[in-house]
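The block underneath contains the structure these notes are about, expressed in structure tokens.
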Amino acid sequence: MRIDVLTIFPEYLAPLSQSLLGKATARGLVSIGVHDLRQWTDDVHRTVDDSPYGGGPGMVMRAEPWGRALESVRLPGARLVVPTPAGRPFTQQVAARWATEPALVFACGRYEGIDQRVADWAAEAGPVEEVSIGDYVLAGGESAVLVMVEAVTRLLPGVVGNAESVEFDSHADGLLEGPSYTRPASWRGHDVPPVLLSGDHAGIARWRREQSLRRTAQRRPDLVAQLDSASLTAAEQLV
Ligand code: ADE
């Protein structure tokens, strides 16, 4: 997969070349380009923003540098992702869908966002999604891009060593993952749930499922309400 990030703070994206992603890049599973938007400005001050039409606080990123940057960086048909608190929610389902695509381009906005015509114009050349990583406001899209690139790339075949660990993730089946334990079996008066030491694989699977349902009901009742009946057994639908 090819990933390009456009930003006025390229250093902010340094973590993309480290740890899991750095290894995935070295192994040729993903290739990442980070580009300074200012290289597509056309004035001595390398201006990327201006005051909003209609008035109001803050500054808006100008369309011209963005237009030239996208013409230069975006492969034909590549999905353009614009992180914004005003976007549709970024979820595990969205990450899984993007993980099947050959290329993604992320456009990091700062200030009060990017002139809306950039996304509107870019939609003429390929898919564009404006997405939010949560109901809070960040100073810019850069940290949201770090989050989204990590969520997407760990789903690429070969990036995470154990394919099962991705399959059983929280959210993979619409539920939160239950608790995990490792040795010792007893620690400072707290014991590992005995079923996990029983060797009864069916019993362990049943217990994990119960824990997952209970935790989701307690912490994320909104997720339980969204579950389709196909993902719950007949017995679970009665509880
Ligand atoms: N930019 C600022 N806040 C954001 C958020 N919550 N999600 C994505 N991009 C953002």
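In listed order, ligands and their atoms are each counted from 1. Reckoned from all heavy atoms, side chains included, excluding hydrogens, waters and symmetry mates. All of these numbers come straight from a predicted model, not from anything done at the bench.
Heavy-atom minimum distance, P52 versus G58: CD-O, 3.2 Å. Here the closest heavy-atom approach between residue G67 and residue W121 is recorded as O-CH2, 3.6 Å.
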Put together the list of close N/O pairs, under 3.5 Å, between ligand 1 and the protein, could you?
from	atom 1	to	atom 2	distance (Å)
ligand 1	3 (N)	L138	N	2.9
ligand 1	6 (N)	G134	O	3.2
ligand 1	6 (N)	Y136	O	2.8
ligand 1	7 (N)	I133	N	3.0
ligand 1	9 (N)	T84	N	3.2

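Legend: residues meeting salt bridge (charged side-chain N to carboxylate O under 4.0 Å, His left out) with D222, ordered by chain and number and at least two apart, are R220. Partners of E129 according to the salt bridge (charged side-chain N to carboxylate O under 4.0 Å, His left out) rule, which considers only residues two or more places apart in sequence or in another chain, are R79, R97. Taking W98 as the reference, F90 meet the ring pair (Phe, Tyr, Trp, His ring centres under 6.0 Å) condition, with sequence neighbours excluded.
Classification of R209 and E236 as a salt-bridged pair holds, one side-chain N sitting under 4.0 Å from a carboxylate O.
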